[in-house]
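Following: one structure in structure tokens, then a few remarks.
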Protein chains: 2
Amino acid sequence: MSERISDAEHAVMEVLWKRAPLTAAEVADQVVREKDWSLQTVKTLLSRLAAKAVVGTERDGRRFLYSPLVERDDYLTGVSRNFVDRLFGGKVMPLVAHLAEADELSADDIREIEELLRELKK
Amino acid sequence: MSERISDAEHAVMEVLWKRAPLTAAEVADQVVREKDWSLQTVKTLLSRLAAKAVVGTERDGRRFLYSPLVERDDYLTGVSRNFVDRLFGGKVMPLVAHLAEADELSADDIREIEELLRELKK
DNA sequence: CGTCAGTGACTACATGTGTAGTTTCATTGA
DNA sequence: TCAATGAAACTACACATGTAGTCACTGACG
């Protein structure tokens, strides 16, 4: 049932996942380093996220402090699963195979992943 | 510049990637096994894909035959790259690590991926 | 030859998304 | 005290998307 987070909203979430709580202005300051958006745009996104209960608000005098209510990890798990399901029939192997074939994996990547898998088996 | 393919459109593409060219009715027949859509819906999706030049049309009497103009592999590469870039800073390792931590990888998966990586190094 | 079924073309319409502008209200500095 | 400032709330608006409905045409069948 977890609410959908759009691309633009995601950029805002990344800021809050780094540091929170923040005011809208502080979030906008950070977001603007990446995206060329106006303060109003960021505020709209924050409102939408709050409406979806993906971020929480806490009154601080006349303004709000925003904090994520969803863990970044949980979010990533959700979208990753969805992604792998939709595009690779739910199997991770074809995804890795595809990335490998498409030369998206460097030798370093391969070594790191092998290392990781070795750890996992313990 | 490659045109965006929406989720619903993607389901249609999967059918055409399996076999093509097909008529709209044939595509719909296949799609309906997965999604509970009407023939009209599938036709709309085909039109939109054709408008975006993601599928090509060839007149066959009074109807059309549809074929993909985009390779499945190229499409997958595009979306995978985009996905990994947006969510994992362009690195595949964190993605695999994440899936692993989230217990999305079975022991079989791990073995298969190791096998694949071993092959790659040759 | 007239009718019907199948086909593409066009239309529809609610909701989501990107991207703000405008309004209203309270606080604070002069 | 009063005006300017800054914050949230509300409004806007075009385009994308999911999900069809309707229309007009044409060829096949009786």
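Below, all heavy atoms of this structure are taken into account, side chains as well, without hydrogens, waters or symmetry copies. Source: prediction; values computed, not measured. Just so it is clear: chains get the letters A, B, ... in the order the sequence lines come, proteins before strands, and each one is counted from 1.
For the pair B:Glu3 CD and D:dA16 C1', the computed distance is 12 Å after rounding to whole Å. Here the P atom of nucleotide D:dT19 and the CG atom of B:Asp7 are 10 Å apart, to the nearest Å. D:dC15 atom C1' lies 12 Å from atom NZ of B:Lys52, rounded to whole Å. Separating the CZ atom of B:Arg59 from the C1' atom of C:dA9 is a distance of 11 Å, rounded to the nearest angstrom. Here D:dT26 presents its P atom at 17 Å from CG of B:Asp60, a figure rounded to the nearest Å. Distance B:Leu65 CG to C:dT7 P: 11 Å, rounded to the nearest Å. In this structure, CG of A:Leu45 is placed 9 Å from P of C:dT19, rounded to the nearest angstrom. Atom pair B:Leu46:CG and C:dT7:P shows a separation of 12 Å (rounding to whole Å applied).
In terms of position along DNA chain C, the nucleotide closest to B:Leu39 lies nearer the 5' end than the nucleotide closest to the other residue of the pair B:Leu39 and B:Arg48.
A pairwise comparison of heavy atoms in B:Met93 and A:Glu112 identifies CG-OE1, 3.1 Å as the closest pair.
Closest contact between the side chain of A:Arg63 and the listed nucleotides C:dA26, D:dA8, D:dT17 involves D:dA8. In this structure, of D:dA7, D:dG21, C:dG21, it is C:dG21 that holds the atom nearest to the side chain of A:Gln40. When each of D:dA7, D:dA8, D:dT19 is scored by its nearest atom to the side-chain atoms of A:Ala25, the top-ranked nucleotide is D:dA7. Out of C:dA20, C:dT7, C:dA9, the shortest distance to the side chain of B:Lys43 is found at C:dT7. Residue A:Trp37 places its side chain closer to C:dA20 than to any other of C:dA20, D:dT17, D:dA8. Listed candidates were D:dT19, C:dA20, C:dT27. Nearest to the side chain of A:Arg62 is C:dT27.
Using a 30° and 60° split on the angle between ring planes, B:Tyr75 and B:Trp17 fall in the tilted class, from 30° to 60°.
Within 3.5 Å, no donor on the side chain of B:Ser38 pairs with an acceptor on the base of D:dA20, nor the reverse. A donor and an acceptor atom never sit less than 3.5 Å apart when one is taken from the side chain of B:Ser6 and the other from the base of D:dA16.
Between A:Arg111 and A:Glu114, none of the side-chain N atoms (NZ, or NE/NH1/NH2) sits under 4.0 Å from a carboxylate O, so this pair counts as no salt bridge. Between A:Glu26 and A:Arg19 there is no salt bridge, since no side-chain nitrogen of the basic residue lies less than 4.0 Å from a carboxylate oxygen of the acidic one.
Taking only side-chain nitrogens and oxygens, B:Ser47 never comes nearer than 4.0 Å to OP1 or OP2 of C:dA9.
Using a 4.5 Å cut-off between side-chain heavy atoms of Ile, Leu, Val, Met, Phe, Trp and Tyr, with links allowed through other members, B:Leu99 and A:Phe83 fall into the same hydrophobic cluster.
Contact annotation for B:Thr44: base contact, defined as any heavy-atom pair under 4.0 Å involving a base atom.
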